[in-house]
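Some notes on the structure that comes next.
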Number of protein chains: 2
Amino acid sequence: MSAGPDNAPAAREATRLLNSDLAANVEFLAARARAMGSAKANAALAEFGLRVRTYSVLSLACQGLEPTQRELADFLSLDPSQIVPLIDELENQKLVRRRPDPRDRRLKVLVATAKGEKLNAAAASAVASATAEALDSLTAEESETLRSLLWKVAFTKEERDSARQILEAVS
Amino acid sequence: MSAGPDNAPAAREATRLLNSDLAANVEFLAARARAMGSAKANAALAEFGLRVRTYSVLSLACQGLEPTQRELADFLSLDPSQIVPLIDELENQKLVRRRPDPRDRRLKVLVATAKGEKLNAAAASAVASATAEALDSLTAEESETLRSLLWKVAFTKEERDSARQILEAVS
DNA sequence: TATTGTTATACTCTATAACTATA
DNA sequence: TATAGTTATAGAGTATAACAATA
């Protein structure tokens, strides 16, 4: 508690707050890391007229999986009502198309147009660069460790098992 | 591509989207992990009348560091104008107090009240439980690894070095 | 002239409820 | 009756610009 009067200039060096309980909090660190990362990603996507949200939807539309809007909502942890304007935006730009499912006329599956596929490829490359930049404090091995740990946190065991089974069934 | 018509029931198992490029994206995983974590944290904080944002400010006020509003903004990656209503909210509940700095009358440092200290201790415990729950797919060692990797990503090398120097100067 | 805290404003994100059309 | 997509709405988060007081 010997915080002498001398070390309190105008800015006071906000970094001294790094020595706080909060700075040791995993959730705080994750929030801050994500804020930095998504700012970089959004900046990289701006030149393509995309944001993280719309890019995520476009990317999923470009996998040949033909997801329904409900699936997109579940997977992106969004409410179904939030998906609607995101798809509207992409559809207005002719990047994706809602295709009614004749077997269940309630369903609309999302498919990418050729234009959408092309833009997605370019955007994916820009996102990869932005991610690499955001992780430049980490070695390649550390980045991979981070990815696998986040994978475990982001999905329940049931979800991970289910995804693995689906993958095995396809191959 | 042998996605037979049989495996497409109503819900279509959104987990099949886990086999997508997006699901391998670190930023997407971080966003999803954080969404799950902050939902849990906000739920845990609700009984104390706090949210992640206000808890973060209260927590920093309870460290005896007497941060200025500008420091809080820098550290929490918020605009100074966003800090104002957060402190207003805490001050209205008598949890913190803005104290003018007589040496520079532009500055207002944030100090916690006794009531604030007490609430913070209880809230910190609830947040720790919520975090443990969010990370329950990880071993203790993995959690610690995740924390140290996020630490490196969340702060620049300069910030980490600066914080270390300040810590050493105090001891 | 620069900085701190503040007000104002707008846009995005998040969450909820209710409606429609299909099943 | 249950589900998919949609509309509407409100609150929280994010970002910017401009202002008064002070340095």
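Residue numbering restarts at 1 for every chain, and letters A, B, ... go by the order of the sequence lines. These numbers were taken from a predicted model, which means no experiment stands behind them.
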Rounded to whole Å, please give me the gap between [atom1] in [X] and [atom2] in [N].
| X | N | atom1 | atom2 | result |
| --- | --- | --- | --- | --- |
| B:Asp101 | D:dA21 | CG | C1' | 15 Å |
| B:Asp104 | C:dG5 | CG | C1' | 11 Å |
| B:Leu45 | D:dA12 | CG | C1' | 15 Å |
| A:Leu110 | D:dG5 | CG | P | 10 Å |
| A:Leu86 | C:dC13 | CG | C1' | 10 Å |
| B:Arg99 | C:dG5 | CZ | P | 14 Å |
| A:Arg70 | C:dT22 | CZ | C1' | 13 Å |
| A:Ile83 | D:dT7 | CD1 | P | 14 Å |

Discussion item. So that I can tick it off, tell me whether A:Arg51 and A:Glu89 are bridged by a salt bridge, with the cut-off set at under 4.0 angstrom between side-chain N and carboxylate O.
Written reply: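 Counted as a salt bridge, because a side-chain N and a carboxylate O are separated by less than 4.0 Å.
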Worksheet item: Between A:Phe28 and B:Phe155, what is the ring plane arrangement, given parallel below 30°, perpendicular above 60°, and tilted in between?
Response: tilted
[X] side chain: which of [options] is closest?
| X | options | value |
| --- | --- | --- |
| A:Arg98 | D:dT6, D:dA4, C:dG5 | D:dT6 |
| B:Asp79 | D:dT16, C:dG5, D:dT22 | D:dT16 |
| B:Gln69 | C:dA23, C:dT6, D:dT7 | C:dT6 |
| A:Arg51 | C:dC13, C:dT22, D:dG5 | C:dC13 |
| A:Ser81 | D:dT7, C:dT4, D:dT6 | D:dT7 |
| B:Lys108 | C:dA23, D:dT22, C:dT6 | C:dT6 |
| A:Arg106 | C:dT6, D:dA4, C:dA2 | D:dA4 |
| B:Leu107 | C:dA23, D:dG5, C:dG5 | C:dG5 |

Could you check whether any side-chain N or O of B:Lys115 sits under 3.5 Å from a backbone N or O of B:Gln93, counting only pairs where one atom can act as donor and the other as acceptor?
yes
Check whether A:Arg147 reaches the backbone of B:Val26 with its side chain - one donor and one acceptor, N or O, closer than 3.5 Å.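 Side chain of A:Arg147 to backbone of B:Val26: no pair is present.
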Result for 5'-nearest mapping on DNA chain D, choosing between A:Pro80 and B:Pro102, is A:Pro80
Could you say whether A:Arg34 or A:Asp88 is positioned toward the 5' end of DNA chain D, judged by the nucleotide with the nearest heavy atom to each?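 So the residue in question is A:Asp88.
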- prompt: 5'-most contact on DNA chain C: A:Ser77 or B:Gln82, nearest heavy atom basis?
  reply: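 Whichever sits nearer the 5' end wins; that is B:Gln82.
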Give a yes/no on whether any side-chain N or O of B:Arg105 is located under 4.0 angstrom from OP1 or OP2 of D:dA23. yes
Is there a donor in the side chain of B:Glu27 and an acceptor in the side chain of A:Thr131, or the other way round, less than 3.5 Å apart? yes
